[in-house]
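As structure tokens, the structure follows; a few thoughts come after it.
What's counted below: heavy atoms across the whole structure, side chains too, no hydrogens, waters or symmetry copies.
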Amino acid sequence: MTDRNHLGKAITSGTPWLKAKVQDGFLILGDLIQKEQIADPHNMQLELKINGELRQADNTGNMNYKIDEQIAFMEQNGPIDFNEGDLLMSGTPEGLAPVVEGDTLEASLIGPDGETLSQIRQVIGRESHPI
């Protein structure tokens, strides 16, 4: 998530925009999935619904940079040490939309066989929980 108001002010003033990305409640995570459960990490469907309306739907095969390329770049341009359990955040598909307190977000990770591997529901302004 991004606080667009803060981002715009930071860009205009030339100040760091990190606060636009790192605020309480901005990183909503579902259950972690073991890599052994994913046959091909570059063939996973990502979906996000806002108040029941599908707003983002894309496949990890459409990523600009594959996962191994991202890791290699960060390791070469470190200092980065990856540890078990670390998360790599790589962006979002098109379909950005504003959300306000009380909106319900539902995110899903779906395998190539159509099986939902992870799904989470978050009401903005409240605690998240897997569904």
Side-chain angles (χ1 to χ4, degrees):
M1 299 204 29
T2 303
D3 179 334
R4 296 285 174 189
N5 291 329
H6 185 81
L7 180 64
K9 290 175 190 174
I11 290 171
T12 301
S13 67
T15 58
W17 51 265
L18 185 61
K19 189 174 187 308
K21 288 287 197 182
V22 291
Q23 296 183 30
D24 287 344
F26 273 25
L27 181 59
I28 304 164
L29 295 175
D31 293 332
L32 297 181
I33 301 166
Q34 299 298 313
K35 65 181 180 180
E36 293 80 19
Q37 292 178 263
I38 299 176
D40 182 0
H42 300 113
N43 187 20
M44 303 294 295
Q45 188 69 18
L46 306 167
E47 293 184 354
L48 175 68
K49 295 179 182 178
I50 301 175
N51 298 323
E53 178 186 344
L54 186 63
R55 296 304 304 254
Q56 293 182 313
D58 209 343
N59 190 287
T60 56
N62 295 326
M63 295 170 69
N64 291 333
Y65 300 97
K66 302 299 181 210
I67 295 166
D68 58 338
E69 294 172 327
Q70 294 177 49
I71 292 170
F73 178 84
M74 286 186 280
E75 288 177 337
Q76 291 167 5
N77 296 283
I80 299 280
D81 290 320
F82 288 102
N83 298 296
E84 185 174 334
D86 285 351
L87 300 174
L88 173 62
M89 305 301 178
S90 61
T92 187
E94 64 181 56
L96 299 175
V99 294
V100 296
E101 188 170 344
D103 281 353
T104 299
L105 304 174
E106 292 180 53
S108 301
L109 178 66
I110 303 163
D113 60 358
E115 177 187 2
T116 299
L117 299 175
S118 181
Q119 189 173 44
I120 189 168
R121 177 181 293 129
Q122 167 79 31
V123 178
I124 298 299
R126 300 195 186 118
E127 197 171 307
S128 65
H129 58 277
I131 54 174

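The side chain to side chain donor-acceptor pair (under 3.5 Å) search around S13 returns T15, not counting sequence neighbours. The side-chain contact (heavy atoms from CB on, under 4.5 Å) check on L87 picks up L29, L32, M89, with sequence neighbours excluded. S108 meets the side chain to side chain donor-acceptor pair (under 3.5 Å) test with Q119; sequence neighbours excluded. Evaluation of the side-chain contact (heavy atoms from CB on, under 4.5 Å) rule for D86 yields F82, N83 as partners, not counting sequence neighbours.
Atom CD of E36 has more than 12 neighbouring heavy atoms from other residues, nucleotides or ligands inside a 6.0 Å radius. Residue K9 places its NZ atom among 12 or fewer non-hydrogen atoms of other residues, nucleotides or ligands, all under 6.0 Å distant.
What you find for S118 and I33 is that their closest heavy atoms are CB-CD1, 3.7 Å.
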Would you list the atom pairs, donor with acceptor, under 3.5 Å between side chains in residues 37-56 and any protein atom, with sequence neighbours excluded?
residue, atom, partner, partner atom, Å
Q37, OE1, Q34, N, 3.1
D40, OD1, H42, N, 2.9
H42, NE2, I67, N, 3.2
N43, OD1, N59, ND2, 3.2
Q45, NE2, D58, O, 3.4
N51, OD1, T104, N, 2.8
N51, ND2, D103, OD1, 3.0
Q56, NE2, T92, OG1, 2.9
Q56, NE2, P93, O, 2.7

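Membership of an apolar cluster is not assigned to I110, as no side-chain contact below 4.5 Å to another ILVMFWY residue is traced.
Side chains of V100 and I124 form no contact here, defined as non-hydrogen atoms less than 4.5 Å apart.
The hydrophobic clustering, which links ILVMFWY residues whose side-chain heavy atoms are closer than 4.5 Å, places I71 and I80 together.
Sequence neighbours left out, not one pair with a member in residues 68-77 passes side-chain hydrogen bond (donor to acceptor under 3.5 Å, both in side chains).
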